[in-house]
Structure formats: structure tokens, C-alpha cells
2 protein chains.
Amino acid sequence: MTISENTFIGEYKYSLDSKGRINIPSKFRQCLSIENDSTFVISRGIDFCIYAYPLVTWQGIEHNLKNLSSLSSTNRSFIRNTVRYASPTKYDKQGRISITQSLIDFAKLDKEILIIGVVNKLEIWNPKQLKLIDDKLSKIDQASYENLSEKIIL
Amino acid sequence: MTISENTFIGEYKYSLDSKGRINIPSKFRQCLSIENDSTFVISRGIDFCIYAYPLVTWQGIEHNLKNLSSLSSTNRSFIRNTVRYASPTKYDKQGRISITQSLIDFAKLDKEILIIGVVNKLEIWNPKQLKLIDDKLSKIDQASYENLSEKIIL
DNA sequence: TAAAATTGTGGGTAGTTGTGGGTTAATTAC
DNA sequence: GTAATTAACCCACAACTACCCACAATTTTA
């Protein structure tokens with residue numbers, strides 16, 4: 001049952017099969033609006049995970065990138081690095097996308113996979129990697145967390 | 001009789017059945033406004049209980065999260081940890097929601113269940129856990145209570 | 001007080017979901 | 001051009017979930 005279109009929450013444990021495929025949770029597939037044509041754009045994430053954007057969300061990002069001037073070298077590099085590892089992937093009849101070897105290597109994916117809906121996109125993790133990041137952050141950032149939780153009432 | 005929509009008070013004792021379902025008190029169901037489509041979003045609470053938000057209340061939280069930039073690592077982690085254990089659940093014809101195993105484990109739920117309305121959301125407890133927390137808090141927090149009483153007139 | 005409606009709990013069944021693997025088409029290498 | 005490798009597509013099946021019905025206990029209504 002979907003909350004709102006192209007918006008994802010929750011985490012799911014799946015496995016990367018011998019052919020490099022990962023199941024997209026059924027709940028997430030149901031959230032994907034029809035115009036996405038069953039397609040996610042997968043790319044390198046920020047903390048050694050893989051991002052999977054609904055096609056239309058990605059198109060929005062592309063639109064924003066077009067408005068960045070290429071005269072700035074920072075911009076050029078940002079645009080290049082945002083786009084160079086991205087590729088659209090349609091999921092098959094069983095609901096699986098296949099992940100390129102380059103992204104599997106980047107995210108150090110093993111058989112065990114964690115897919116997390118983080119509102120506007122999905123994150124695909126090796127659970128061990130996520131734990132590393134989590135532990136590191138929880139130590140240093142207690143103060144900023146409390147700051148945030150004053151702004152957002154849970 | 002409802003006091004105001006999507007606002008809950010009072011506590012009820014129920015049981016977790018063999019299929020992981022919990023009844024939502026009829027009073028609370030009646031409080032839920034029609035636009036929620038009989039749906040709560042359940043997630044990890046603070047102190048080892050489960051929170052259940054009316055769908056629309058949760059959508060407000062999501063809206064706030066969408067306004068946080070993902071370029072900050074603190075924000076990314078905050079967003080991830082807020083939504084990763086959340087899932088929408090529509091109650092069935094008998095008024096029960098099913099709780100994921102992951103949340104049952106987190107809240108150490110047993111057969112005996114306590115559901116408490118805490119104004120904007122519900123808390124689902126193992127009564128034993130709640131007692132532990134209560135005992136701990138009543139010892140240390142006399143001062144903070146007096147502090148609060150300046151802000152809230154009872 | 002009796003009848004009717006509502007509420008909480010148990011359980012059965014049909015459909016859905018996740019996963020493995022086989023077959024054919026497309027791409028690449030030689 | 002042909003062989004080898006890769007990718008796309010399809011089928012199968014066990015496990016799980018959503019949906020339905022049943023019924024006792026309680027509350028409401030007449």
C-alpha cells in the first residue's frame with residue numbers, strides 16, 4: 001500500500017543472486033508512478049552505497065544540472081561525477097534490477113543486501129558497510145542530531 | 001466519542017496473536033480521520049516502544065525530511081535512521097494491524113501488549129519494558145518535571 | 001431484561017512475493 | 001563468419017501475506 005508516489009520508506013533484506021540481480025521490494029514497486037515505466041536510474045551513492053532514483057526523479061536532477069554553468073570548474077567536475085556512473089535499469093517480470101559489476105565493486109556488495117527507502121530514492125547497501133558508517137557518525141554527531149530533532153517533531 | 005481528529009489519549013491492554021497482529025482500540029480507529037484510509041505508519045520509538053502515526057501525521061514528517069539537503073552527512077544519516085524502520089500498515093476488517101518481526105524484536109513484544117495514545121501518535125509497549133523505563137525516570141527527573149510545569153498548565 | 005450490534009481473537013485460503021534457474025536473443029571476440 | 005560470452009526473458013515453486021469468515025464476549029439499544 002503506497003503512501004505517496006515515488007516516495008519510499010522502510011528497509012528490506014534481500015540477496016544479490018549469481019547473475020547480479022537484486023529484487024526491488026514489492027512495496028517500492030507499487031509506489032513507483034506509472035510514468036517511470038518500471039525504471040530506476042542507479043548510480044554511485046555518497047557513502048559507498050548505490051542510489052536508485054525513480055526515472056522521473058532523476059530527470060529532475062538532470063534538469064538542475066543543466067542550469068549549472070560549465071564555466072566553473074567545480075561545476076564541471078560535479079556534473080561529470082554525478083552523471084558518469086549512472087544508468088537506467090528497468091526491472092524484470094519478477095521485479096529485479098540487474099546491477100553493473102562496476103557498481104557492485106564500488107559498494108562492495110556481497111550476497112547479503114540491504115535496501116532502504118530514503119524518501120525520494122533507494123539506497124542499496126552491504127549491511128556491513130552501513131554499520132561502519134553508522135557507528136562512525138553516531139559518535140561524533142550527537143549534538144547535530146538533537147538540533148535536528150528540535151526542528152522535526154517525531 | 002472523539003475529542004479531536006487524529007488525537008489519541010488513554011491506554012488499552014491487548015494481545016499480540018500468533019500471526020503478529022495487534023488490535024487497534026476501536027476508540028482510536030474512530031478518531032482516525034477519513035483521509036488516513038485506515039492506515040498507520042509504524043516505526044521504532046524512543047525507549048524500545050513502537051510508534052504508530054496516523055498516515056497524514058507521518059506525511060508531515062516526510063515533508064520536513066524532504067527539505068533537508070542530502071549533501072550533509074548528518075542529514076543523510078538522520079533521514080535514513082528516521083525512515084528505515086517505518087512501514088505503513090492498513091488495519092484489516094477486524095481492526096488489526098500486523099507488526100513486522102523486526103519491530104516485534106526491537107520492542108521485545110510478548111503476548112501481552114499495552115497501547116497508549118500520546119496525543120499525536122500511539123505507543124505500543126511490552127508492559128514490562130514500560131515499567132522498567134518508568135521506574136528509572138521517576139527517580140532522576142523530579143527537577144525536570146518542575147521545569148516543565150512552568151510551560152504547561154495542568 | 002432480551003435482542004441487536006459491536007468488539008477482540010482465532011484460524012483457513014487464495015493470491016502475492018522472493019529466488020533459483022533454464023532458454024533464447026544479442027553482443028562481443030576471434 | 002563463427003564461437004563464446006553476456007544480457008533479456010520466461011517458467012517454476014516454496015514461503016509468506018492479505019483477505020475472508022467464524023465466534024465468544026462485551027456493550028448498546030429497545
Side-chain angles (χ1 to χ4, degrees), chain A residues 1-3 8-32 37-42 50 52 55 86-105 109-117 122 124-127, chain B residues 1-2 8 10-32 36-42 52 55 86-105 109-117 122 124-127:
Chain A
M1 194 255 338
T2 77
I3 294 189
F8 315 94
I9 60 172
E11 76 169 19
Y12 297 86
K13 279 187 184 165
Y14 288 119
S15 54
L16 183 71
D17 72 13
S18 57
K19 290 182 177 178
R21 298 172 296 189
I22 301 179
N23 192 52
I24 299 288
S26 159
K27 289 243 174 88
F28 291 171
R29 275 180 264 144
Q30 288 162 18
C31 286
L32 205 63
D37 189 32
S38 310
T39 305
F40 286 91
V41 175
I42 56 175
I50 299 172
L55 180 58
S87 64
T89 330
K90 196 168 177 172
Y91 56 76
D92 69 15
K93 217 176 178 182
Q94 279 70 252
R96 296 169 294 194
I97 55 173
S98 41
I99 310 290
T100 59
Q101 192 57 47
S102 137
L103 283 177
I104 291 178
D105 294 342
L109 292 190
D110 225 330
K111 181 156 175 66
E112 209 184 347
I113 296 290
L114 200 61
I115 301 193
I116 307 180
L122 314 182
I124 301 173
W125 287 92
N126 178 334
Chain B
M1 196 258 327
T2 76
F8 315 94
E11 78 167 20
Y12 298 85
K13 278 187 184 166
Y14 288 116
S15 57
L16 183 70
D17 72 14
S18 60
K19 289 184 175 178
R21 297 174 296 191
I22 301 179
N23 191 51
I24 299 289
S26 160
K27 289 246 173 82
F28 290 170
R29 274 180 264 145
Q30 288 161 18
C31 285
L32 205 63
N36 286 286
D37 189 31
S38 310
T39 305
F40 286 90
V41 175
I42 56 174
L55 179 59
S87 64
T89 330
K90 195 168 178 169
Y91 56 75
D92 68 14
K93 224 175 177 181
Q94 280 70 250
R96 295 168 295 192
I97 56 173
S98 43
I99 311 289
T100 60
Q101 191 57 47
S102 138
L103 283 177
I104 292 177
D105 294 343
L109 292 190
D110 226 330
K111 183 155 174 69
E112 208 184 348
I113 296 291
L114 200 61
I115 301 193
I116 307 179
L122 314 181
I124 301 173
W125 287 92
N126 178 335

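Below, chains carry the letters A, B, ... as their sequence lines are ordered, and counting in each starts from 1.
In this structure, the NZ atom of B/Lys27 is 15 Å from the P atom of C/dT6, given to the nearest Å. Rounded to whole angstrom, the span from the NZ atom of A/Lys13 across to the C1' atom of D/dC16 amounts to 17 Å. Atoms NZ (A/Lys19) and P (D/dT5) sit 16 Å apart, rounded to a whole Å. Between the CG atom of B/Asn23 and the P atom of C/dG11 there is a distance of 16 Å, rounded to whole Å. The separation between B/Phe28 atom CZ and C/dG8 atom C1' is 15 Å, rounded to whole Å. Regarding A/Ile115, its CD1 atom lies at a distance of 11 Å from the C1' atom of C/dG18, rounded to whole Å. Atom CZ in B/Arg29 sits about 6 Å away from atom P in C/dT7, given to the nearest Å. Rounded to a whole Å, the CD1 atom of B/Ile113 is 15 Å from the P atom of C/dG8.
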_Stepwise side-chain contact (heavy atoms from CB on, under 4.5 Å) check, B/Tyr91 with B/Ile97_ = CA-CA 4 Å; B/Tyr91 56 75; B/Ile97 56 173; 3.7 Å; yes

*Steps toward side-chain contact (heavy atoms from CB on, under 4.5 Å) verdict (A/Leu103, A/Ile124)*: CA-CA 10 Å; A/Leu103 283 177; A/Ile124 301 173; over 6 Å; no

*Starting from the C-alpha separation in whole Å, work towards a yes-or-no answer on side-chain contact (heavy atoms from CB on, under 4.5 Å) for A/Lys27 and A/Tyr12.*
CA-CA 10 Å; A/Lys27 289 243 174 88; A/Tyr12 297 86; 3.5 Å; yes

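Between B/Asp17 and A/Leu16, the residue anchored closer to the 5' end of DNA chain C is B/Asp17, taking for each the nucleotide with the nearest heavy atom.
Considering only heavy atoms from C-beta on, A/Ile9 stays 4.5 Å or farther from B/Ser87 through its side chain.
Residues from residues 91-101 of chain A that place a heavy atom under 4.0 Å from any atom of DNA chain C, listed by number: A/Gln94, A/Arg96.
Side-chain N or O atoms of A/Asp110 include none that pairs as donor or acceptor with a backbone N or O of A/Glu112 at under 3.5 Å. The main-chain N or O of B/Thr39 is never found under 3.5 Å from a side-chain atom of B/Asp37 such that the two would form a donor-acceptor pair.
Residue B/Ser15 places no side-chain N or O under 4.0 Å from the OP1 or OP2 atom of C/dG8. For C/dG10, one of the phosphate oxygens OP1 or OP2 lies less than 4.0 angstrom from a side-chain nitrogen or oxygen of B/Lys111.
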Return a table of donor-acceptor pairs under 3.5 angstrom between the side chains of residues 17-25 of chain A and protein atoms on other chains or two or more places apart.
unit_1: A/Asp17; atom_1: OD1; unit_2: A/Lys19; atom_2: N; d: 2.9
unit_1: A/Asp17; atom_1: OD1; unit_2: A/Gly20; atom_2: N; d: 3.2
unit_1: A/Asp17; atom_1: OD1; unit_2: A/Arg21; atom_2: N; d: 3.0
unit_1: A/Asp17; atom_1: OD2; unit_2: A/Arg21; atom_2: NE; d: 2.8
unit_1: A/Asp17; atom_1: OD2; unit_2: A/Arg21; atom_2: NH2; d: 3.0

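Listed nucleotides: C/dT19, D/dC19, C/dG21. Nearest to the side chain of A/Arg21: C/dG21.
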